[in-house]
Amino acid sequence: MSKTLLNFVANNYFKYMLCKKFLAMAFAVASFVLVVPNVSLASFACTTGTLSDICYVSNSQTLTNGEVISGSGSLVIQNGGILTSAAENKFGIEMGGDITV
């Protein structure tokens, strides 16, 4: 084979291998994305503090259906703090300490 033909074959083989690796990675990512179950992530977050100490809520938050606010500390809903859910959805509150509204 001529040097030009060898370069052509080597160059195209290199491109083929890069494309093959890229497609394998893209397929792996797509497979992972497709396998992840459809779950709702918790939407609640303390404005300040933590659920294990004192959690203060002073903003409006819409909770997901079935979400449970739980912790070993206390929950304080302050002025401006609003916890809601979409129509016909429910959420729960299970705190080890006091719940103050």
Side-chain angles (χ1 to χ4, degrees):
M1 280 200 235
S2 71
K3 188 174 182 178
T4 305
L5 182 58
L6 285 175
N7 285 341
F8 175 79
V9 170
N11 193 17
N12 282 327
Y13 180 74
F14 178 73
K15 289 177 184 176
Y16 166 77
M17 292 305 291
L18 281 177
C19 183
K20 185 177 176 182
K21 286 187 178 191
F22 173 77
L23 289 175
M25 289 186 322
F27 180 77
V29 169
S31 296
F32 175 76
V33 170
L34 294 176
V35 172
V36 174
N38 184 15
V39 294
S40 297
L41 299 176
S43 60
F44 176 79
C46 302
T47 306
T48 58
T50 65
L51 289 167
S52 60
D53 188 23
I54 301 175
C55 174
Y56 296 96
V57 179
S58 60
N59 60 352
S60 178
Q61 299 189 40
T62 302
L63 300 150
T64 59
N65 189 32
E67 184 172 352
V68 178
I69 301 169
S70 65
S72 56
S74 298
L75 178 65
V76 179
I77 310 297
Q78 297 179 310
N79 186 27
I82 301 170
L83 301 177
T84 61
S85 64
E88 299 181 20
N89 287 350
K90 299 175 184 176
F91 66 90
I93 301 174
E94 298 175 1
M95 300 297 296
D98 296 329
I99 299 172
T100 306
V101 179

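No hydrogens, no waters, no symmetry mates; every other heavy atom, side chains included, goes into these values.
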Remaining members of Y56's ILVMFWY cluster at a side-chain heavy-atom cut-off under 4.5 Å?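 Under the 4.5 Å side-chain rule, Y56 groups with I54, V76.
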
Would you give me the side-chain donor-acceptor pairs under 3.5 Å for residues 78-101, sequence neighbours excluded?
residue, atom, partner, partner atom, Å
S85, OG, N89, O, 3.0

How far does CG of L75 sit from SG of C55, to the nearest 0.5 angstrom?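 Output value for this atom pair is 5.0 Å.
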
Looking only at heavy atoms, which two atoms of [X] and [Y] are closest? And how far apart?
{"X": "S70", "Y": "L51", "value": "O-CD1, 3.4 Å"}
{"X": "T47", "Y": "S58", "value": "OG1-N, 3.0 Å"}
{"X": "Q61", "Y": "V57", "value": "NE2-CG1, 3.8 Å"}

Applying side-chain contact (heavy atoms from CB on, under 4.5 Å), can you list everything that pairs with T50, at least two apart in sequence or on another chain?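 S52, D53.
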
